[in-house]
Amino acid sequence: MDVGHTPRRYRHPVARTKQYGGEELELRRAQRRQRLMEAGLEVFARDGYSAASVPAVCAEAGLSSRQFYELFANREALLTAIYTEVHANAMASLTAAVDGFPSDMTELEPWIRVGLGAYFDHFRADPRRVRLCFIEVVGVSPELEEQRRRTRESWSGILDAASRSIAAQGLIEARDRTFDWTVFQGAVNAATVEYATRPEIELATVTAALMRLITSGVLS
């Protein structure tokens with residue numbers, strides 16, 4: 001043995017991979033998933049879902065197809081995940097905006113305007129969300145149509161709960177408005193597309209039109 005040479009300390013193979021195990025591995029997966037979600041939003045909105053491909057999404061994300069399929073079963077699964085996340089964030093934005101109002105409010109208009117403003121600002125902040133949620137997802141598959149139906153149902157439930165709370169304060173008649181809110185969403189979706197894609201349309205214009213529909217229809 002050469003006494004002038006200091007042997008390298010033996011390192012167990014597990015020691016070299018510890019930093020990639022457990023929480024670190026999950027964090028890396030979450031980061032890759034978010035990169036693919038962002039890339040999917042970009043590619044689907046830019047090229048259209050029907051023209052987009054998994055390799056195009058992977059190239060945009062800087063990840064491999066193998067990494068894609070570790071997280072998503074197929075292209076539609078990614079589209080569904082993005083659609084679901086965008087609407088969940090829109091719901092969170094609207095809820096946070098109206099939660100600050102006092103429980104003993106005496107006027108509906110300020111509450112409605114703030115809620116509508118939060119919703120529309122969420123979509124106008126990134127027009128890609130509008131293209132994906134209201135154009136690209138339409139008619140993709142029966143499964144995605146069912147997801148869209150469930151999303152509308154969730155929105156109707158949230159809005160009906162809000163109107164029940166208002167009714168409890170004596171500001172409007174107490175009745176089931178779930179289907180009213182479902183119908184109203186058609187108008188909101190159309191207004192969202194127009195507002196997000198036409199810079200000349202101001203929020204005040206959109207809000208005023210929907211306020212008329214809400215006050216004379218849903219909440220009447």
Side-chain angles (χ1 to χ4, degrees), residues 80-140 142-220:
T80 303
I82 299 169
Y83 170 82
T84 302
E85 181 176 89
V86 170
H87 272 285
N89 290 338
M91 290 178 185
S93 295
L94 186 149
T95 301
V98 300
D99 273 352
F101 275 80
S103 57
D104 59 346
M105 60 184 181
T106 57
E107 293 183 71
L108 286 179
E109 186 171 328
W111 180 84
I112 297 171
R113 287 186 181 278
V114 167
L116 288 173
Y119 179 85
F120 286 118
D121 285 347
H122 172 75
F123 281 100
R124 197 171 200 179
D126 190 342
R128 298 176 304 174
R129 298 169 182 167
V130 178
R131 174 74 183 269
L132 186 138
C133 287
F134 303 114
I135 299 173
E136 296 304 323
V137 298
V138 178
V140 168
E143 292 75 19
L144 191 46
E145 285 302 298
E146 174 60 19
Q147 177 61 36
R148 293 180 65 222
R149 186 198 66 76
R150 289 197 299 266
T151 299
R152 291 192 297 271
E153 191 175 71
S154 295
W155 274 112
S156 296
I158 289 171
L159 295 170
D160 187 57
S163 55
R164 287 179 186 276
S165 176
I166 295 169
Q169 299 175 51
L171 297 178
I172 58 174
E173 174 193 353
R175 64 179 177 84
D176 184 358
R177 291 177 168 80
T178 306
F179 189 68
D180 299 60
W181 287 118
T182 300
V183 173
F184 179 71
Q185 286 178 63
V188 172
N189 292 349
T192 303
V193 173
E194 294 298 307
Y195 175 62
T197 58
R198 294 175 56 187
E200 73 274 15
I201 297 181
E202 297 181 353
L203 178 59
T205 302
V206 177
T207 303
L210 292 175
M211 283 289 297
R212 289 190 290 272
L213 291 178
I214 294 175
T215 55
S216 64
V218 180
L219 297 183
S220 62

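Between Val130 and Ile135 the shortest side-chain heavy-atom distance does not fall below 4.5 Å.
For the atom pair CG of Leu132 and CD of Glu85, the computed distance is 11.0 Å after rounding to the nearest 0.5 Å. Expressed to the nearest 0.5 Å, how far OG of Ser163 lies from CG of Leu171 amounts to 12.0 Å. From Gln169, atom CD reaches atom CD1 of Ile166 across 7.0 Å, with rounding to the nearest 0.5 Å. Taking CD1 of Ile214 as the start and CD1 of Ile172 as the end, the distance is 11.0 Å to the nearest 0.5 Å. Atom OG1 of Thr192 and atom CG of Leu210 lie 8.0 Å apart (nearest 0.5 Å). To the nearest 0.5 Å, atom CG of residue Asn89 and atom CG of residue Leu94 are 12.5 Å apart.
Only one option out of Phe184, Tyr119, Trp181 pairs with Trp155 in a ring-ring contact (aromatic ring centres under 6.0 Å, His included); it is Tyr119.
In this structure, Glu173 contributes its side chain and Ala167 its backbone to no donor-acceptor pair below 3.5 Å. For Thr182 (side chain) and Thr178 (main-chain N/O), a donor-acceptor pair under 3.5 Å exists by modelled atom type. A distance-only check finds no donor-acceptor pair linking the side chain of His122 to the backbone of Met91 [under 3.5 Å].
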Requested in this report: Assess whether salt bridge (charged side-chain N to carboxylate O under 4.0 Å, His left out) is satisfied between Glu153 and Arg150, documenting all intermediate values.
Outcome: CA-CA 5 Å; Glu153 191 175 71; Arg150 289 197 299 266; over 6 Å; no
Report task. Show your working on side-chain contact (heavy atoms from CB on, under 4.5 Å) between Arg131 and Arg128 and close with a plain yes or no. Result -> CA-CA 5 Å; Arg131 174 74 183 269; Arg128 298 176 304 174; 5.6 Å; no
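Taking the ring centre of Tyr83 as origin, the terminal cationic atom of Arg148 falls outside the region bounded by 6.0 Å and 45° from the ring axis.
Of all heavy-atom pairs between Glu145 and Gly139, the closest is OE2-N, 2.9 Å. Across all their heavy atoms, Ser220 and Ser216 have their closest contact at OG-O, 3.4 Å. Closest non-hydrogen pair, Val98 versus Gly115, comes out as CG1-CA, 3.7 Å. In terms of heavy atoms, Arg177 sits closest to Val218 at NE-O, 2.8 Å. The shortest non-hydrogen separation linking Cys133 to Val86 is SG-CG1, 3.6 Å.
Using cut-offs of 30° and 60° for the angle between ring planes, the Phe134 and Phe123 rings count as tilted.
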Identify all side-chain donor-acceptor contacts of residues 198-208 below 3.5 Å with residues at least two apart in sequence or on another chain.
residue	atom	partner	partner atom	Å
Arg198	NE	Glu200	OE2	2.9
Arg198	NH1	Glu194	OE1	2.8
Arg198	NH2	Glu200	OE2	3.2
Thr207	OG1	Leu203	O	2.8

